[in-house]
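Data first, discussion second: the structure below is written as C-alpha coordinates.
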Number of protein chains: 2
Amino acid sequence: MARSTAQRVADTLRTRIEGGGLPPGTQLSEEALGRDLGVSRNTLREAFRLLIHESLVVHVLNRGVFVRVLEPADVTDIYRVRAALETAGVRAAADAARPLRDAVARAVAEGERAAAGEDWREVGSADLRFHRALAALAGSARIDTAMDRLLAELRLAFHAMPSPRRFHEPFLARNRTLAALLDDGAYDRAEAELTTYLDDARTLILDVMRETSR
Amino acid sequence: MARSTAQRVADTLRTRIEGGGLPPGTQLSEEALGRDLGVSRNTLREAFRLLIHESLVVHVLNRGVFVRVLEPADVTDIYRVRAALETAGVRAAADAARPLRDAVARAVAEGERAAAGEDWREVGSADLRFHRALAALAGSARIDTAMDRLLAELRLAFHAMPSPRRFHEPFLARNRTLAALLDDGAYDRAEAELTTYLDDARTLILDVMRETSR
DNA sequence: GCTAAGATATTGTTCAACAATCCTCAAGAG
DNA sequence: CTCTTGAGGATTGTTGAACAATATCTTAGC
(Lines give C-alpha, C1' and ligand atoms only; values in the text may rest on other atoms or scores of the structure.)
Protein backbone atom coordinates (compact mmCIF):
# COMPACT_ATOMS: atom_id res chain seq x y z
CA MET A 1 0.00 0.00 0.00
CA ALA A 2 1.88 3.01 -1.23
CA ARG A 3 -0.71 5.53 -0.07
CA SER A 4 -2.39 5.69 3.28
CA THR A 5 -6.12 5.11 3.64
CA ALA A 6 -6.69 8.77 4.33
CA GLN A 7 -4.87 9.70 1.13
CA ARG A 8 -6.94 7.28 -0.91
CA VAL A 9 -10.13 8.64 0.60
CA ALA A 10 -8.96 12.15 -0.22
CA ASP A 11 -8.27 11.03 -3.79
CA THR A 12 -11.80 9.64 -4.09
CA LEU A 13 -13.37 12.81 -2.75
CA ARG A 14 -11.19 14.97 -4.98
CA THR A 15 -12.30 13.02 -8.04
CA ARG A 16 -15.96 13.32 -7.03
CA ILE A 17 -15.65 17.04 -6.44
CA GLU A 18 -13.87 17.73 -9.70
CA GLY A 19 -16.24 15.43 -11.55
CA GLY A 20 -19.23 17.33 -10.26
CA GLY A 21 -20.58 14.52 -8.10
CA LEU A 22 -20.19 16.80 -5.12
CA PRO A 23 -21.13 20.31 -6.27
CA PRO A 24 -19.80 23.41 -4.49
CA GLY A 25 -21.58 24.11 -1.25
CA THR A 26 -22.35 20.46 -0.48
CA GLN A 27 -21.77 19.47 3.11
CA LEU A 28 -19.59 16.42 3.59
CA SER A 29 -21.23 14.59 6.47
CA GLU A 30 -18.78 12.57 8.51
CA GLU A 31 -21.11 9.74 9.35
CA ALA A 32 -22.73 9.35 5.93
CA LEU A 33 -19.47 9.56 4.00
CA GLY A 34 -17.70 7.29 6.47
CA ARG A 35 -20.34 4.63 6.03
CA ASP A 36 -20.30 5.12 2.27
CA LEU A 37 -16.54 4.80 1.92
CA GLY A 38 -16.09 2.23 4.66
CA VAL A 39 -13.69 4.20 6.81
CA SER A 40 -13.87 5.47 10.34
CA ARG A 41 -14.74 9.08 11.15
CA ASN A 42 -11.21 9.57 12.38
CA THR A 43 -9.67 8.59 9.07
CA LEU A 44 -12.24 10.59 7.16
CA ARG A 45 -11.35 13.68 9.14
CA GLU A 46 -7.72 13.09 8.27
CA ALA A 47 -8.70 13.00 4.59
CA PHE A 48 -10.65 16.23 5.09
CA ARG A 49 -7.53 17.91 6.40
CA LEU A 50 -5.67 17.04 3.23
CA LEU A 51 -8.45 18.53 1.09
CA ILE A 52 -8.66 21.59 3.33
CA HIS A 53 -4.96 22.07 2.76
CA GLU A 54 -5.65 22.00 -0.97
CA SER A 55 -8.52 24.41 -0.28
CA LEU A 56 -10.90 22.21 -2.23
CA VAL A 57 -13.14 22.16 0.80
CA VAL A 58 -13.60 24.57 3.67
CA HIS A 59 -14.03 23.81 7.32
CA VAL A 60 -16.47 25.63 9.59
CA LEU A 61 -16.05 25.04 13.31
CA ASN A 62 -18.77 22.82 14.75
CA ARG A 63 -20.53 22.84 11.39
CA GLY A 64 -18.37 20.50 9.34
CA VAL A 65 -16.70 20.70 5.94
CA PHE A 66 -18.25 21.92 2.72
CA VAL A 67 -17.17 21.77 -0.91
CA ARG A 68 -15.55 25.08 -1.65
CA VAL A 69 -17.67 27.75 -3.36
CA LEU A 70 -15.47 29.92 -5.52
CA GLU A 71 -16.38 33.60 -5.25
CA PRO A 72 -15.45 36.14 -7.92
CA ALA A 73 -12.97 37.59 -5.44
CA ASP A 74 -11.27 34.19 -5.31
CA VAL A 75 -10.91 34.12 -9.08
CA THR A 76 -9.36 37.57 -9.05
CA ASP A 77 -6.99 36.51 -6.30
CA ILE A 78 -6.01 33.29 -8.02
CA TYR A 79 -5.19 35.12 -11.23
CA ARG A 80 -2.95 37.51 -9.34
CA VAL A 81 -0.93 34.58 -8.04
CA ARG A 82 -0.92 32.90 -11.43
CA ALA A 83 0.41 36.08 -12.98
CA ALA A 84 3.21 36.16 -10.42
CA LEU A 85 4.19 32.52 -10.86
CA GLU A 86 3.84 32.22 -14.62
CA THR A 87 5.66 35.50 -15.14
CA ALA A 88 8.47 34.14 -13.01
CA GLY A 89 8.58 31.11 -15.27
CA VAL A 90 8.72 33.17 -18.46
CA ARG A 91 11.50 35.31 -17.05
CA ALA A 92 13.53 32.24 -16.18
CA ALA A 93 12.86 30.62 -19.55
CA ALA A 94 16.28 31.56 -20.90
CA ASP A 95 18.02 29.50 -18.21
CA ALA A 96 15.46 26.72 -18.05
CA ALA A 97 16.47 23.13 -18.68
CA ARG A 98 15.65 21.59 -22.02
CA PRO A 99 12.93 19.19 -20.77
CA LEU A 100 11.09 22.08 -19.12
CA ARG A 101 10.99 24.05 -22.37
CA ASP A 102 9.91 20.97 -24.29
CA ALA A 103 6.98 20.49 -21.93
CA VAL A 104 5.64 23.91 -22.95
CA ALA A 105 5.76 23.10 -26.65
CA ARG A 106 4.25 19.67 -26.05
CA ALA A 107 1.25 21.10 -24.19
CA VAL A 108 0.57 23.49 -27.08
CA ALA A 109 0.69 20.66 -29.61
CA GLU A 110 -1.55 18.43 -27.50
CA GLY A 111 -4.09 21.19 -27.17
CA GLU A 112 -4.22 21.71 -30.93
CA ARG A 113 -4.51 17.99 -31.56
CA ALA A 114 -7.43 17.75 -29.11
CA ALA A 115 -9.10 20.73 -30.78
CA ALA A 116 -8.81 19.02 -34.16
CA GLY A 117 -10.64 16.07 -32.62
CA GLU A 118 -13.26 18.37 -31.06
CA ASP A 119 -12.38 17.04 -27.61
CA TRP A 120 -12.89 20.30 -25.72
CA ARG A 121 -12.49 18.72 -22.34
CA GLU A 122 -9.00 17.57 -23.33
CA VAL A 123 -8.30 21.01 -24.78
CA GLY A 124 -8.98 22.40 -21.32
CA SER A 125 -6.64 19.88 -19.70
CA ALA A 126 -3.89 20.67 -22.19
CA ASP A 127 -4.36 24.36 -21.47
CA LEU A 128 -3.83 23.75 -17.76
CA ARG A 129 -0.72 21.70 -18.57
CA PHE A 130 0.54 24.55 -20.73
CA HIS A 131 0.27 27.05 -17.91
CA ARG A 132 1.73 24.64 -15.40
CA ALA A 133 4.66 24.15 -17.78
CA LEU A 134 5.13 27.92 -18.02
CA ALA A 135 5.39 28.27 -14.25
CA ALA A 136 7.62 25.20 -14.09
CA LEU A 137 10.24 27.05 -16.15
CA ALA A 138 11.16 28.79 -12.90
CA GLY A 139 12.65 25.50 -11.74
CA SER A 140 11.10 25.54 -8.29
CA ALA A 141 9.34 22.58 -6.70
CA ARG A 142 7.33 24.89 -4.47
CA ILE A 143 6.11 26.90 -7.43
CA ASP A 144 5.07 23.66 -9.12
CA THR A 145 2.95 22.51 -6.20
CA ALA A 146 1.51 25.99 -5.75
CA MET A 147 0.45 26.02 -9.39
CA ASP A 148 -1.12 22.59 -9.05
CA ARG A 149 -3.18 23.79 -6.12
CA LEU A 150 -4.24 26.98 -7.88
CA LEU A 151 -5.34 25.14 -10.98
CA ALA A 152 -7.26 22.62 -8.86
CA GLU A 153 -9.11 25.51 -7.29
CA LEU A 154 -9.85 27.04 -10.66
CA ARG A 155 -11.31 23.76 -11.85
CA LEU A 156 -14.13 24.43 -9.39
CA ALA A 157 -15.00 27.47 -11.50
CA PHE A 158 -14.47 25.76 -14.85
CA HIS A 159 -16.96 23.15 -13.81
CA ALA A 160 -19.72 25.77 -13.95
CA MET A 161 -18.74 26.75 -17.50
CA PRO A 162 -21.59 26.10 -19.90
CA SER A 163 -19.51 25.89 -23.09
CA PRO A 164 -15.95 24.62 -22.76
CA ARG A 165 -15.39 25.29 -26.45
CA ARG A 166 -16.28 28.95 -26.24
CA PHE A 167 -13.91 29.34 -23.32
CA HIS A 168 -10.92 27.33 -24.49
CA GLU A 169 -10.85 27.71 -28.26
CA PRO A 170 -9.73 31.34 -28.40
CA PHE A 171 -6.70 30.60 -26.28
CA LEU A 172 -5.28 27.88 -28.50
CA ALA A 173 -3.75 30.39 -30.88
CA ARG A 174 -2.51 32.53 -28.03
CA ASN A 175 -0.79 29.56 -26.44
CA ARG A 176 1.07 28.95 -29.68
CA THR A 177 1.99 32.61 -29.98
CA LEU A 178 3.36 32.62 -26.46
CA ALA A 179 5.37 29.46 -27.01
CA ALA A 180 6.80 30.91 -30.22
CA LEU A 181 7.87 34.09 -28.46
CA LEU A 182 9.67 31.99 -25.87
CA ASP A 183 11.39 29.96 -28.58
CA ASP A 184 12.56 33.16 -30.27
CA GLY A 185 13.95 34.46 -27.00
CA ALA A 186 11.55 37.40 -27.02
CA TYR A 187 11.01 37.14 -23.29
CA ASP A 188 9.83 40.70 -22.73
CA ARG A 189 7.17 40.41 -25.39
CA ALA A 190 6.21 36.98 -24.06
CA GLU A 191 5.76 38.47 -20.63
CA ALA A 192 3.58 41.28 -21.96
CA GLU A 193 1.49 38.83 -23.93
CA LEU A 194 1.10 36.60 -20.88
CA THR A 195 -0.15 39.49 -18.78
CA THR A 196 -2.92 40.50 -21.17
CA TYR A 197 -3.67 36.83 -21.76
CA LEU A 198 -4.34 36.22 -18.08
CA ASP A 199 -6.34 39.43 -17.77
CA ASP A 200 -8.57 38.35 -20.64
CA ALA A 201 -9.05 34.87 -19.22
CA ARG A 202 -9.95 36.24 -15.81
CA THR A 203 -12.44 38.69 -17.29
CA LEU A 204 -14.04 35.91 -19.32
CA ILE A 205 -14.47 33.67 -16.28
CA LEU A 206 -15.87 36.48 -14.15
CA ASP A 207 -18.38 37.35 -16.88
CA VAL A 208 -19.59 33.79 -17.09
CA MET A 209 -19.80 33.55 -13.29
CA ARG A 210 -21.97 36.65 -13.19
CA GLU A 211 -24.20 35.25 -15.92
CA THR A 212 -24.73 31.82 -14.40
CA SER A 213 -25.36 33.23 -10.93
CA ARG A 214 -28.47 34.95 -12.26
CA MET B 1 -12.44 25.52 25.74
CA ALA B 2 -10.31 28.28 24.22
CA ARG B 3 -7.51 26.07 22.92
CA SER B 4 -7.74 22.37 22.38
CA THR B 5 -5.31 19.96 23.93
CA ALA B 6 -3.78 19.34 20.54
CA GLN B 7 -3.15 23.06 20.06
CA ARG B 8 -1.47 23.34 23.44
CA VAL B 9 0.71 20.35 22.66
CA ALA B 10 1.60 21.92 19.31
CA ASP B 11 2.54 25.14 21.11
CA THR B 12 4.83 23.21 23.44
CA LEU B 13 6.51 21.39 20.59
CA ARG B 14 6.87 24.60 18.57
CA THR B 15 8.60 26.29 21.49
CA ARG B 16 10.93 23.34 21.96
CA ILE B 17 11.81 23.24 18.27
CA GLU B 18 12.44 26.94 17.94
CA GLY B 19 14.33 26.95 21.23
CA GLY B 20 16.65 24.25 19.96
CA GLY B 21 15.46 21.59 22.40
CA LEU B 22 14.46 19.48 19.41
CA PRO B 23 17.13 19.97 16.73
CA PRO B 24 16.37 19.43 13.04
CA GLY B 25 16.24 15.78 12.09
CA THR B 26 14.99 14.61 15.48
CA GLN B 27 12.24 12.04 15.27
CA LEU B 28 9.19 12.88 17.32
CA SER B 29 8.24 9.48 18.71
CA GLU B 30 4.53 9.21 19.32
CA GLU B 31 4.74 6.97 22.34
CA ALA B 32 7.61 8.70 24.11
CA LEU B 33 6.26 12.20 23.55
CA GLY B 34 2.74 11.12 24.45
CA ARG B 35 3.94 9.74 27.76
CA ASP B 36 6.08 12.80 28.35
CA LEU B 37 3.27 15.27 27.70
CA GLY B 38 0.52 13.14 29.19
CA VAL B 39 -1.70 12.93 26.11
CA SER B 40 -2.87 10.08 23.97
CA ARG B 41 -1.15 9.22 20.71
CA ASN B 42 -4.18 10.34 18.79
CA THR B 43 -4.11 13.79 20.31
CA LEU B 44 -0.40 14.01 19.68
CA ARG B 45 -0.94 13.13 16.04
CA GLU B 46 -3.48 15.92 15.81
CA ALA B 47 -0.82 18.30 17.16
CA PHE B 48 1.63 16.95 14.58
CA ARG B 49 -0.79 17.84 11.81
CA LEU B 50 -0.81 21.45 12.92
CA LEU B 51 2.99 21.56 12.86
CA ILE B 52 3.10 19.80 9.50
CA HIS B 53 0.84 22.51 8.13
CA GLU B 54 3.36 25.07 9.35
CA SER B 55 6.05 22.90 7.75
CA LEU B 56 8.00 22.92 10.97
CA VAL B 57 8.03 19.14 10.87
CA VAL B 58 7.72 16.65 8.05
CA HIS B 59 5.79 13.43 7.96
CA VAL B 60 7.05 10.24 6.36
CA LEU B 61 4.50 7.47 5.83
CA ASN B 62 4.94 4.62 8.30
CA ARG B 63 8.06 6.28 9.63
CA GLY B 64 6.69 9.14 11.69
CA VAL B 65 7.36 12.85 11.93
CA PHE B 66 10.74 14.55 12.09
CA VAL B 67 11.84 18.08 12.83
CA ARG B 68 12.32 19.67 9.46
CA VAL B 69 15.87 19.80 8.08
CA LEU B 70 16.36 22.66 5.68
CA GLU B 71 18.68 21.62 2.85
CA PRO B 72 20.57 24.12 0.72
CA ALA B 73 18.30 23.09 -2.13
CA ASP B 74 15.32 24.19 -0.03
CA VAL B 75 16.86 27.60 0.54
CA THR B 76 17.47 28.01 -3.18
CA ASP B 77 13.92 26.96 -3.93
CA ILE B 78 12.42 29.24 -1.31
CA TYR B 79 14.33 32.21 -2.70
CA ARG B 80 13.01 31.48 -6.17
CA VAL B 81 9.46 31.68 -4.87
CA ARG B 82 10.24 34.76 -2.82
CA ALA B 83 11.65 36.44 -5.91
CA ALA B 84 8.46 35.64 -7.81
CA LEU B 85 6.11 36.88 -5.09
CA GLU B 86 8.03 39.96 -3.97
CA THR B 87 8.64 40.99 -7.56
CA ALA B 88 4.92 40.73 -8.16
CA GLY B 89 4.40 43.03 -5.19
CA VAL B 90 6.89 45.61 -6.43
CA ARG B 91 5.30 45.61 -9.86
CA ALA B 92 1.88 46.19 -8.37
CA ALA B 93 3.17 48.90 -6.05
CA ALA B 94 1.84 51.70 -8.25
CA ASP B 95 -1.73 50.48 -7.84
CA ALA B 96 -1.38 49.33 -4.25
CA ALA B 97 -3.65 50.73 -1.54
CA ARG B 98 -2.22 53.35 0.78
CA PRO B 99 -2.09 51.14 3.92
CA LEU B 100 -0.11 48.50 2.04
CA ARG B 101 2.50 51.03 0.99
CA ASP B 102 2.65 52.44 4.51
CA ALA B 103 3.36 48.98 5.90
CA VAL B 104 6.54 48.84 3.81
CA ALA B 105 7.83 52.14 5.13
CA ARG B 106 6.88 51.22 8.68
CA ALA B 107 8.83 47.94 8.56
CA VAL B 108 11.93 49.84 7.38
CA ALA B 109 11.64 52.36 10.21
CA GLU B 110 11.08 49.64 12.82
CA GLY B 111 14.14 47.79 11.62
CA GLU B 112 16.30 50.88 11.93
CA ARG B 113 14.93 51.65 15.37
CA ALA B 114 15.71 48.12 16.53
CA ALA B 115 19.23 48.39 15.09
CA ALA B 116 19.77 51.61 17.03
CA GLY B 117 18.85 49.66 20.16
CA GLU B 118 21.13 46.78 19.18
CA ASP B 119 18.18 44.41 19.25
CA TRP B 120 19.29 42.20 16.37
CA ARG B 121 16.57 39.67 16.93
CA GLU B 122 13.98 42.38 16.39
CA VAL B 123 15.92 43.63 13.37
CA GLY B 124 15.43 40.18 11.89
CA SER B 125 11.70 40.23 12.61
CA ALA B 126 11.34 43.67 11.06
CA ASP B 127 13.19 42.46 8.00
CA LEU B 128 10.72 39.61 7.58
CA ARG B 129 7.85 42.09 7.98
CA PHE B 130 9.43 44.29 5.32
CA HIS B 131 9.54 41.49 2.79
CA ARG B 132 6.07 40.32 3.70
CA ALA B 133 4.87 43.88 3.12
CA LEU B 134 6.57 43.94 -0.28
CA ALA B 135 4.75 40.82 -1.40
CA ALA B 136 1.51 42.12 0.12
CA LEU B 137 1.57 45.03 -2.36
CA ALA B 138 0.25 42.54 -4.88
CA GLY B 139 -3.03 42.63 -3.00
CA SER B 140 -3.57 38.88 -2.92
CA ALA B 141 -4.59 36.95 0.18
CA ARG B 142 -3.06 33.78 -1.26
CA ILE B 143 0.26 35.49 -1.82
CA ASP B 144 0.18 36.72 1.78
CA THR B 145 -0.31 33.26 3.25
CA ALA B 146 2.27 31.77 0.88
CA MET B 147 4.81 34.35 2.05
CA ASP B 148 4.02 33.61 5.69
CA ARG B 149 4.71 29.94 5.15
CA LEU B 150 7.92 30.60 3.24
CA LEU B 151 9.24 32.89 5.93
CA ALA B 152 8.33 30.36 8.63
CA GLU B 153 10.39 27.80 6.76
CA LEU B 154 13.29 30.18 6.47
CA ARG B 155 13.24 30.80 10.20
CA LEU B 156 14.53 27.25 10.60
CA ALA B 157 17.62 28.31 8.69
CA PHE B 158 17.98 31.59 10.55
CA HIS B 159 18.04 29.65 13.76
CA ALA B 160 21.35 28.14 12.77
CA MET B 161 22.83 31.58 12.12
CA PRO B 162 25.74 32.25 14.48
CA SER B 163 25.65 36.05 14.27
CA PRO B 164 22.28 37.68 13.61
CA ARG B 165 23.97 41.05 13.44
CA ARG B 166 26.34 40.08 10.68
CA PHE B 167 23.44 38.73 8.69
CA HIS B 168 20.84 41.43 9.18
CA GLU B 169 22.80 44.67 9.51
CA PRO B 170 23.91 44.99 5.86
CA PHE B 171 20.34 44.77 4.65
CA LEU B 172 19.02 47.68 6.71
CA ALA B 173 20.34 50.23 4.25
CA ARG B 174 19.18 48.22 1.29
CA ASN B 175 15.67 48.00 2.72
CA ARG B 176 15.60 51.78 2.95
CA THR B 177 16.95 52.14 -0.58
CA LEU B 178 14.27 49.81 -1.90
CA ALA B 179 11.50 51.62 -0.06
CA ALA B 180 12.77 54.96 -1.40
CA LEU B 181 12.78 53.67 -4.99
CA LEU B 182 9.18 52.58 -4.53
CA ASP B 183 8.21 55.96 -3.11
CA ASP B 184 9.82 57.66 -6.10
CA GLY B 185 7.90 55.45 -8.50
CA ALA B 186 11.12 53.94 -9.86
CA TYR B 187 9.57 50.50 -10.06
CA ASP B 188 11.95 49.07 -12.63
CA ARG B 189 15.00 50.02 -10.61
CA ALA B 190 13.31 48.75 -7.45
CA GLU B 191 12.72 45.44 -9.15
CA ALA B 192 16.34 45.18 -10.27
CA GLU B 193 17.55 46.06 -6.78
CA LEU B 194 15.21 43.49 -5.24
CA THR B 195 16.56 40.76 -7.51
CA THR B 196 20.20 41.32 -6.59
CA TYR B 197 19.16 41.81 -2.97
CA LEU B 198 17.56 38.38 -2.80
CA ASP B 199 20.47 36.79 -4.64
CA ASP B 200 22.89 38.22 -2.12
CA ALA B 201 20.80 37.13 0.85
CA ARG B 202 20.48 33.61 -0.52
CA THR B 203 24.22 33.38 -1.15
CA LEU B 204 24.92 34.57 2.37
CA ILE B 205 22.65 31.99 3.95
CA LEU B 206 24.05 29.18 1.82
CA ASP B 207 27.60 30.17 2.76
CA VAL B 208 26.77 30.08 6.44
CA MET B 209 25.00 26.76 6.03
CA ARG B 210 28.06 25.27 4.38
CA GLU B 211 30.28 26.63 7.16
CA THR B 212 28.20 25.37 10.05
CA SER B 213 27.68 21.95 8.50
CA ARG B 214 31.41 21.35 8.73
C1' DG C 1 -45.68 35.97 14.40
C1' DC C 2 -42.09 35.87 17.72
C1' DT C 3 -39.28 34.20 21.55
C1' DA C 4 -37.36 30.87 24.57
C1' DA C 5 -36.62 26.34 26.30
C1' DG C 6 -35.86 21.75 25.34
C1' DA C 7 -34.87 17.78 22.14
C1' DT C 8 -32.13 15.96 18.50
C1' DA C 9 -28.40 15.59 15.43
C1' DT C 10 -23.75 16.63 14.24
C1' DT C 11 -19.16 17.68 15.05
C1' DG C 12 -15.00 17.87 18.44
C1' DT C 13 -11.90 15.32 21.46
C1' DT C 14 -9.90 11.62 23.62
C1' DC C 15 -8.85 6.88 24.39
C1' DA C 16 -7.29 2.00 23.93
C1' DA C 17 -7.01 -1.98 21.02
C1' DC C 18 -5.78 -4.11 16.75
C1' DA C 19 -3.65 -4.09 11.96
C1' DA C 20 -0.05 -2.82 8.83
C1' DT C 21 4.50 -1.46 7.99
C1' DC C 22 9.34 -0.62 8.65
C1' DC C 23 13.84 -1.62 10.71
C1' DT C 24 17.20 -4.52 12.91
C1' DC C 25 19.90 -8.30 13.11
C1' DA C 26 21.14 -12.87 12.78
C1' DA C 27 21.47 -17.08 9.88
C1' DG C 28 22.73 -19.04 5.67
C1' DA C 29 24.19 -19.18 0.60
C1' DG C 30 27.44 -17.90 -2.65
C1' DC D 1 33.63 -11.70 3.37
C1' DT D 2 29.46 -9.87 1.15
C1' DC D 3 24.92 -10.28 0.06
C1' DT D 4 20.33 -11.99 0.51
C1' DT D 5 16.53 -13.62 3.34
C1' DG D 6 13.41 -13.75 6.86
C1' DA D 7 11.89 -13.84 11.64
C1' DG D 8 11.08 -10.63 15.47
C1' DG D 9 10.47 -6.32 17.68
C1' DA D 10 9.33 -1.54 17.49
C1' DT D 11 6.65 2.08 15.52
C1' DT D 12 3.10 4.02 13.01
C1' DG D 13 -1.73 3.51 10.76
C1' DT D 14 -6.59 2.66 11.48
C1' DT D 15 -10.57 1.73 13.86
C1' DG D 16 -14.67 2.06 16.83
C1' DA D 17 -16.43 3.76 20.82
C1' DA D 18 -17.49 6.97 24.40
C1' DC D 19 -18.30 11.46 25.96
C1' DA D 20 -18.34 16.66 25.45
C1' DA D 21 -19.51 20.74 23.01
C1' DT D 22 -22.12 23.05 19.62
C1' DA D 23 -25.63 23.87 16.16
C1' DT D 24 -30.14 23.06 14.42
C1' DC D 25 -34.79 21.81 14.77
C1' DT D 26 -39.14 21.44 17.52
C1' DT D 27 -42.40 22.93 20.46
C1' DA D 28 -44.73 25.51 23.95
C1' DG D 29 -45.97 29.92 25.54
C1' DC D 30 -46.88 34.71 24.89
Side-chain angles (χ1 to χ4, degrees), chain A residues 1-17 21-71 145 156, chain B residues 1-17 21-71 145 156:
Chain A
M1 210 187 293
R3 296 175 81 72
S4 74
T5 307
Q7 283 174 318
R8 275 184 288 115
V9 169
D11 291 342
T12 303
L13 293 177
R14 196 182 300 111
T15 304
R16 288 196 192 176
I17 291 172
L22 294 168
T26 309
Q27 174 163 16
L28 303 180
S29 156
E30 296 188 353
E31 199 198 359
L33 262 183
R35 227 175 331 105
D36 184 16
L37 300 173
V39 297
S40 75
R41 274 182 60 209
N42 236 322
T43 303
L44 189 56
R45 288 166 69 86
E46 170 67 26
F48 283 168
R49 285 183 198 104
L50 298 174
L51 296 177
I52 290 169
H53 194 253
E54 300 171 25
S55 58
L56 241 92
V57 303
V58 295
H59 175 235
V60 184
L61 185 65
N62 291 320
R63 292 272 323 276
V65 312
F66 301 79
V67 178
R68 176 76 174 278
V69 177
L70 220 61
E71 306 288 340
T145 66
L156 290 172
Chain B
M1 212 185 291
R3 290 182 85 69
S4 73
T5 307
Q7 283 174 318
R8 275 184 286 115
V9 170
D11 291 343
T12 303
L13 293 177
R14 196 182 301 110
T15 305
R16 287 196 191 175
I17 291 172
L22 294 168
T26 309
Q27 174 163 16
L28 302 181
S29 157
E30 296 187 354
E31 199 198 358
L33 264 182
R35 225 174 334 101
D36 184 14
L37 301 174
V39 296
S40 78
R41 278 181 54 215
N42 231 319
T43 304
L44 190 57
R45 287 165 70 87
E46 173 65 26
F48 285 167
R49 286 180 198 113
L50 299 174
L51 297 176
I52 290 169
H53 194 259
E54 302 171 23
S55 61
L56 254 154
V57 303
V58 295
H59 175 232
V60 184
L61 186 63
N62 290 321
R63 292 271 323 279
V65 312
F66 303 79
V67 179
R68 176 75 177 279
V69 178
L70 219 62
E71 307 287 340
T145 65
L156 287 171

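Keep in mind the model is a prediction, meaning the values are calculated, not measured.
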Atom pair distance, as rounded to whole Å: CZ in Arg35(B) and P in dC15(C): 15 Å
Nucleic acid contacts of residues 45-55 of chain B, taken as heavy-atom distances under 4.0 Å to DNA chain D: Arg45(B)
N or O in side chain of His59(A) less than 4.0 angstrom from dG12(C) OP1/OP2: yes
Separation of atom CG in Leu44(A) from atom P in dG12(C), rounded to whole Å: 11 Å
Lys/Arg N to Asp/Glu carboxylate O, Asp11(A) vs Arg8(A), below 4.0 Å: no
Arg3(A) CZ to dT12(D) C1', straight-line distance once rounded to whole Å: 18 Å
Length of the line joining Arg8(A):CZ and dT15(D):C1', which is rounded to integer Å: 14 Å
Position toward the 5' end of DNA chain D (nearest nucleotide), Leu28(B) or Asn42(B): Leu28(B)
Most 5' of Asn62(A) and Gly64(B) on DNA chain D, judged by nearest nucleotide: Gly64(B)
Nearest-angstrom distance from the residue atom CD of Glu31(A) to P of dT8(C): 16 Å
Rounded distance (Å) that lies between atom P of dT11(D) and atom CG of Leu61(B): 17 Å
Side chain to side chain contact (heavy atoms under 4.5 Å, CB included) against Thr145(A), all qualifying residues, sequence neighbours excluded: none
N/O donor-acceptor pair, side chain Arg63(B) with base dG13(D), under 3.5 angstrom: no
Between dA17(C) (C1') and Arg41(B) (CZ): distance, integer Å: 10 Å
Selected nucleotide, minimal atom distance to Thr5(A) side chain, candidates dT15(D), dT12(D), dG12(C): dT15(D)
Trace of the side chain to side chain donor-acceptor pair (under 3.5 Å) decision for Thr15(A) with Thr12(A): CA-CA 5 Å; Thr15(A) 304; Thr12(A) 303; over 6 Å; no
Proximal nucleotide (of dG12(C), dT12(D), dT15(D)) relative to the Gln27(B) side chain: dT12(D)
Under-4.0 Å side-chain N/O to phosphate OP1/OP2 contact, Ser40(B) with dT13(C): no
Test item: Val9(A) and Phe48(A) side chains (from C-beta on) under 4.5 Å apart, heavy atoms: no
Euclidean distance, Thr26(A) OG1 relative to Ile17(A) CD1, rounded to 0.5 Å: 8.5 Å
Whole angstrom value for the distance that separates P of dA23(D) from CD of Glu30(A): 15 Å
Shortest non-hydrogen contact from Arg68(B) toward Pro24(B): O-CB, 3.3 Å
Test side-chain hydrogen bond (donor to acceptor under 3.5 Å, both in side chains) applied to Asp36(B) - qualifying residues, sequence neighbours left out: Arg16(B)
